[in-house]
There are 2 protein chains.
Amino acid sequence: MRAQQRVLAAIEKDFKTAGLPPLGWYDVLWELVKADAGRLRPFEIEARTLLAQYNLSRLIDRLEKEGLVRREAYDEDARGCWVVVTDAGRAMRALMWETYSRSIETHVGAKLSEQEAKTFAALLSKLF
Amino acid sequence: MRAQQRVLAAIEKDFKTAGLPPLGWYDVLWELVKADAGRLRPFEIEARTLLAQYNLSRLIDRLEKEGLVRREAYDEDARGCWVVVTDAGRAMRALMWETYSRSIETHVGAKLSEQEAKTFAALLSKLF
DNA sequence: CCAATATATATGCAGTTGCATCTACTTTGA
DNA sequence: TCAAAGTAGATGCAACTGCATATATATTGG
């Protein structure tokens, strides 16, 4: 708990210092960029990011307000919608990654050897 | 991040199901119970728990309102105060531990061998 | 000794979260 | 075929957080 708290705080601080939005934005943008056609249904993002439904709904609002994503109709089911990443969203994702990757290297990578990192990842995956 | 998020969510859910307050309360109560005379200065709790100063200030308000701690004057420095754990606070800490220890066992202990847990702890400690 | 600076804690405000519930469809099954 | 149940997503409200700043007291250098 403590280790995660410190690492996460350090990463968020790096984002803030760089004038970038918080980590949650990155997670959503990244899922969208990875996804087919750069779009996902909200419930798919929810499952991939572990964000709560009501939080995600409002996070999408914020991303949309910044022009990083766009909601589009989902024809097969009028209840649903697509969340589509815009070019600005892709650019923001890439920009955030510059800071994020450095943060990961600084706050995690530099503190573990290659072998330790592998062991660590294996142990973490057991906690699912 | 993901593993911690899941484990923490599971633990918080266990507390909620048991009708108990959130994990943050436990952390503060436990620091106080461990401390000499069951009391600490707010800034000492802050350092031990990684809570932000303004969050801790208000968490103490809530604990005080529930009668789990009490603020007392700190004579050597009129700016400061003691936070003293009450008997009710000690009882709550003990009660929470019943749920918490089971949660840890379920969500972490059961998923790692003794040896793995040791390795895990050693790796986590490198991230400080 | 005192003005400037530093420290300990609290708090107003705006933004975020959690909870419960709402709306708007879809699916199911008698 | 239609009422009941289920699902996708949004939202009002209260609690919590972060930020900036306030308040009150201590310390320090000239």
Side-chain angles (χ1 to χ4, degrees), chain A residues 4-6 8-28 31-32 39-66 69-84, chain B residues 4-6 8-28 31-32 39-66 69-84:
Chain A
Q4 192 269 357
Q5 206 176 339
R6 290 215 192 202
L8 178 59
I11 290 172
E12 292 287 17
K13 196 175 154 198
D14 291 343
F15 278 130
K16 203 161 293 185
T17 301
L20 293 170
L23 183 55
W25 291 37
Y26 183 88
D27 291 336
V28 171
E31 292 303 334
L32 290 171
R39 64 183 194 177
L40 289 170
R41 307 281 306 279
F43 74 90
E44 295 175 309
I45 303 177
E46 192 187 328
R48 287 164 165 76
T49 59
L50 304 187
L51 283 164
Q53 184 268 318
Y54 43 85
N55 284 336
L56 176 58
S57 177
R58 290 187 270 220
L59 176 49
I60 295 170
D61 290 345
R62 282 171 238 146
L63 292 169
E64 195 168 31
K65 191 149 55 179
E66 295 299 319
V69 306
R70 175 166 24 93
R71 275 185 248 242
E72 282 182 9
Y74 176 68
D75 293 333
E76 276 104 294
D77 185 339
R79 289 170 305 180
C81 62
W82 285 112
V83 180
V84 191
Chain B
Q4 192 269 359
Q5 207 175 339
R6 290 214 193 203
L8 178 59
I11 290 171
E12 292 286 19
K13 196 172 154 199
D14 291 343
F15 277 130
K16 202 160 289 185
T17 301
L20 293 170
L23 185 53
W25 292 36
Y26 184 88
D27 292 336
V28 172
E31 292 303 333
L32 291 171
R39 65 184 194 177
L40 289 171
R41 306 281 306 279
F43 75 89
E44 295 175 307
I45 303 177
E46 194 186 327
R48 286 165 165 77
T49 59
L50 305 186
L51 284 164
Q53 184 269 319
Y54 44 83
N55 284 336
L56 176 58
S57 176
R58 288 187 271 221
L59 175 48
I60 295 171
D61 289 345
R62 283 171 237 143
L63 291 168
E64 195 168 30
K65 191 148 57 179
E66 294 300 318
V69 306
R70 179 167 18 96
R71 275 185 247 242
E72 280 182 11
Y74 176 68
D75 294 333
E76 276 103 294
D77 184 339
R79 289 170 305 182
C81 63
W82 285 113
V83 181
V84 191

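Both backbone and side-chain heavy atoms feed into the values below; hydrogens, waters and symmetry mates do not. All chains are named by letter (A, B, ...) in the order of the sequence lines, taking the proteins before the strands, and each is independently numbered beginning at 1.
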Taking [atom1] from [X] and [atom2] from [N], how many angstroms apart are they, rounded to a whole number?
X: E46(A); N: dA10(D); atom1: CD; atom2: C1'; value: 13 Å
X: D61(A); N: dA8(D); atom1: CG; atom2: C1'; value: 15 Å
X: L51(A); N: dA8(D); atom1: CG; atom2: P; value: 17 Å
X: E44(B); N: dT7(C); atom1: CD; atom2: P; value: 16 Å
X: L56(A); N: dA8(D); atom1: CG; atom2: C1'; value: 12 Å
X: R41(A); N: dC25(C); atom1: CZ; atom2: P; value: 14 Å
X: F43(B); N: dA6(C); atom1: CZ; atom2: C1'; value: 14 Å

Testing the basics here: between [X] and [Y], what is the closest heavy-atom pair and its distance to 0.1 Å?
X: I60(B); Y: V69(B); result: O-CG2, 4.1 Å
X: C81(B); Y: P42(B); result: O-CD, 3.2 Å
X: Q5(A); Y: T49(B); result: NE2-O, 3.9 Å
X: G80(B); Y: R41(B); result: CA-NH2, 3.3 Å

[X] side chain to [Y] backbone, donor-acceptor under 3.5 Å:
X: R70(B); Y: V83(B); value: no
X: E12(A); Y: L23(A); value: yes
X: T17(A); Y: K13(A); value: yes

Next on the checklist: Using the ring-ring contact (aromatic ring centres under 6.0 Å, His included) criterion, which residues pair with W25(B)? Sequence neighbours excluded.
Outcome noted: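 Applying ring-ring contact (aromatic ring centres under 6.0 Å, His included) to W25(B) gives none.
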Next on the checklist: Working to the nearest 0.5 angstrom, can you tell me the gap between D27(B) CG and L56(B) CG?
Outcome noted: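 It comes to 11.0 Å.
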Item to check | Check: R79(A) side chain, dT26(C) base, donor-acceptor under 3.5 Å | outcome: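 Counting by modelled atom types and ignoring angles, no donor-acceptor contact under 3.5 Å is found here.
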Checklist outcome for this item: Letter by letter from the 5' end, nucleotides 15-22 of chain C scores (B base, S sugar-phosphate only, - none; protein heavy atoms under 4.0 Å) -SBBB---
Next on the checklist: With the threshold set at under 4.0 Å for non-hydrogen atoms, list the residues of residues 71-78 of chain B touching DNA chain C in residue-number order.
Outcome noted: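 Those residues are R71(B).
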